[in-house]
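This report concerns only the one structure given below.
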Amino acid sequence: MGVEILALSLTSPASQWERLSSSHQASTRGVIELGNVEVRPLNFKYHCPSPIKYQLPSCSIRASRPTSKTQKSIPYFGAQKEASRLSCHPKRVAVTRYISGWLEPPSLILKKPTEKNYVLRRAVATSKTEDIATTLAIGNEKVGVLLLNLGGPETLEDVQPFLFNLFADPDIIRLPRLFQFLQNPLAQFISVLRAPKSKEGYAAIGGGSPLRRITDAQAEELRKSLCSKNVPAKVYVGMRYWHPFTEEAIEQVIKRDGITMLVVLPLYPQFSISTSGSSLRLLENIFREDEYLVNMQHTVIPSWYQREGYIKAMANLTEKELEKFKCPEKVMIFFSAHGVPLAYVEEAGDPYKAEMEQCVELIMQELEKRGKPNRYTLAYQSRVGPVEWLKPYTDDTIVELGQKGIKSLLAVPISFVSEHIETLEEIDVEYKELALKSGIEEWGRVPALGCEPTFISDLADAVIESLPYVGAMAVSNLEARQSLVPLGSVEELLATYDSQRRSLPPPVTMWEWGWTKSAETWNGRAAMLAVLVLLVWEVTTGEGFLHQWGILPLMH
Ligand SMILES: C=CC1=C(C)c2cc3[nH]c(cc4nc(cc5[nH]c(cc1n2)c(C)c5CCC(=O)O)C(CCC(=O)O)=C4C)c(C)c3C=C
Ligand SMILES: [Fe+2]
């Protein structure tokens, strides 16, 4: 866990259109420039506003798995943290290195606590639960937790504008710098094209996404769990692409409630540029120029797939579903993760694939410990568009497993902690049908975690463990503020991504003749290029199909 300070700003968002254009403007100010090389300035200045407060957790890394049964080492296959003491740094930087192996559990030692932090630490450890109807305080601090999530359309009318928001995000569709001005027209175009298919899916699951309802319930359960652990806090929900937008949560609630310490917790167990990364970028933009937010202490928990409570909760649910099969030991456990374009991982350094693989390993180790050494596999679902995504694809894998004679399959959705369209429709309907057609006879699906008590309690522990890392941003001038960047793991993750970011790296290097995946990819790319040319034509001449259909004027 690293000290995390976000330097962020808010251009107040009256509507989704303003919201998106403001985030686009922010992206062109040069601090978080999305869509091309060198997104983040590399000459960060660190400020030492306060005396040394913490010794960061240190982890000793071992090359191999510990053999002693009595040893209490926690398996961390990925995100290992190495504390490094930089002499002039707001809170000492925790440098995250992504190395496979095992390490000792981090020890959290507060060294030379200041009065304020001492109060906090004591309060975390010993304070009595207060009645916290409106004001929540630890010592003099008002603690808030901001849950970040994707958001989903609540009605069928919401589908197209929701898709617009999603495709207008430069962390979802990357355009070369030259074409960045086309981000919104392209988002409009793709969202209009995709809306009918998406609407069918949402109609099949009751006419809208359950994501808001479930995330609100998780927020409430987390609040109760924190309270029961003597940490009164308010819990907020900030969605990336639909209501309640992150800006709404920040502006209307967190500022209005006078929160002084904020823990930012993306509800994605594994970090991806396209999910947690995108939300954290948005937060950066929101915080950057806002007087209140710049001075608010906060920390970020970037990913938590390796936490014991989460792994146990996943194993609990999987074990329960296994028991429903006629021969549980013969069931193949089929982890289906949300995919991302391959280039995110291979070109941009997204740790998503590595974290996903490690997560699956940890769940399987837990099941093995419980006497369930089932066979298992991991595949990636929900790809969109013409580029190559992480492989193997879920649909191809289901067909192959059927061909190999697998008869019982238990699907485990792994990238997300709520039911949503991709579990309720894609897995439960489409993949189940495909599996049965492919020769699989018995099909089961592990439910998403939702408000599972072990999971919620573990999230509460994650929040509590992060509190000593909450840091202050004691700078006042604008220039200084612009050079402030998130610290700790998020900084490193995004910086890796940013420094290596290229515009649309080619997903396929070899041309193949015939109707192949490669050909599909290139056909898709040719189509994208044609769309871009048409859009440029429309924007410059004011004539064309989009104007005729009345789509383009909507964007002005
Ligand atoms: C086009 C690129 C997309 C990337 C990259 C992507 C990554 C990604 N998404 C999730 C989780 C969810 N995505 C959801 C919906 C959704 N996602 C995309 C596209 C990308 N996702 C689209 C077009 C849609 C809309 C639905 C559709 O038309 O298929 C949702 C569903 C929310 C809901 O309404 O229920 C979730 C959840 C993850 C975890 C991820 C990368 C790791
Ligand atoms: Fe998605």
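Please read all numbers here as calculations on a predicted model, not as lab measurements. Indexing begins at 1, ligand by ligand and atom by atom, following the structure's order.
- A salt bridge does not link K197 with E200: every distance from a Lys NZ or Arg NE/NH1/NH2 to an Asp or Glu carboxylate oxygen is 4.0 Å or more.
- Here W389 has side-chain heavy atoms under 4.0 Å from ligand 1, and that is the only part of it that gets that close.
- Checking T246 against R240 by side-chain atom types alone, no donor-acceptor pair falls below 3.5 Å.
- Checking S225 against S457 by side-chain atom types alone, no donor-acceptor pair falls below 3.5 Å.
- When ring centroids are compared, W304 and Y310 come within the 6.0 Å threshold.
- Counting only distances under 2.8 Å, and ignoring water, the protein N, O or S atoms around the Fe ion (ligand 2) are H338 NE2.
- Polar contact with ligand 1: absent for Y344 (N/O pair, distance under 3.5 Å).
- For ligand 1, the atoms lying closer than 4.0 Å to a non-hydrogen atom of V340 are 41 (C), 42 (C).
- Proximity to S198 (heavy-atom distance under 4.0 Å) selects the following atoms of ligand 1: 27 (C), 28 (O).
- At a heavy-atom cutoff of 4.0 Å, ligand 1 is contacted by both the backbone and the side chain of I421.
- A salt bridge is absent between E284 and R281; no separation between the charged side-chain nitrogens and carboxylate oxygens falls under 4.0 Å.
- Relative to the six-membered ring of Y393, R383 meets both conditions, a distance below 6.0 Å and an angle of at most 45° to the axis.
- Using a 4.0 Å cut-off between heavy atoms, L163 contacts ligand 1 through its side chain alone, with no backbone atom that close.
- Checked against a 3.5 angstrom limit, the closest N/O atoms of F416 and ligand 1 fall outside it.
- In this structure, F179 and F181 have parallel ring planes: the angle between them is below the 30° cut-off, well short of the 60° mark.
- In this structure, W242 falls outside the shell of residues with a heavy atom less than 4.0 angstrom from ligand 1.
- Side chains of Y236 and K234 form a contact here, defined as non-hydrogen atoms less than 4.5 Å apart.
- Polar contact with ligand 1: absent for S272 (N/O pair, distance under 3.5 Å).
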Go through it in stages, so that I can follow the logic: the residues are R307 and E465, the test is salt bridge (Lys or Arg N to Asp or Glu O under 4.0 Å), and I'd like the CA-CA distance, side-chain angles, deciding distance and then a yes or no.
CA-CA 12 Å; R307 290 189 61 84; E465 286 161 28; 3.0 Å; yes

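- With a 4.0 Å heavy-atom cut-off, ligand 1 is reached by no atom of Q270.
- The distance from ligand 1 to the heavy atoms of L150 drops below 4.0 Å at these ligand atoms: 11 (C), 12 (C), 13 (N), 14 (C), 30 (C), 32 (C), 36 (C).
- In this structure, the side chains of L175 and L182 come closer than 4.5 Å at one or more pairs of heavy atoms.
- Distance alone, capped at 3.5 Å, places no donor-acceptor pair between the S303 side chain and the Y305 backbone.
- Ligand 1 places these atoms under 4.0 Å from at least one heavy atom of S209: 33 (C), 34 (O), 35 (O).
- With ligand atoms numbered from 1 in the order given, ligand 1 contributes 1 (C), 23 (C) to contacts under 4.0 Å with heavy atoms of F167.
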Go through it in stages, so that I can follow the logic: the residues are Y344 and L390, the test is side-chain contact (heavy atoms from CB on, under 4.5 Å), and I'd like the CA-CA distance, side-chain angles, deciding distance and then a yes or no.
CA-CA 9 Å; Y344 282 44; L390 281 183; over 6 Å; no

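- Proximity of E422 to ligand 1, defined as any heavy-atom pair under 4.0 Å, is confined to the side chain (atoms from C-beta onward).
- Ring geometry for Y241 against F162 counts as perpendicular: the plane angle is over 60°, on a 0 to 90° scale with 30° as the lower cut.
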Verdict with reasoning, R212 to E154, per salt bridge (Lys or Arg N to Asp or Glu O under 4.0 Å)
CA-CA 8 Å; R212 182 176 190 166; E154 286 164 72; 3.3 Å; yes

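- Protein heavy atom nearest atom 11 (C) of ligand 1, with residue, atom name and distance: H338 CD2, 3.5 Å.
- Near S274, meaning under 4.0 Å from any of its heavy atoms, are these atoms of ligand 1: 5 (C), 7 (C), 41 (C).
- Of all atoms in ligand 1, listed by their number and element, those nearer than 4.0 Å to a heavy atom of P153 are 34 (O).
- Proximity to G152 (heavy-atom distance under 4.0 Å) selects the following atoms of ligand 1: 34 (O).
- Of the heavy atoms in P341, only side-chain atoms (C-beta onward) come closer than 4.0 Å to ligand 1.
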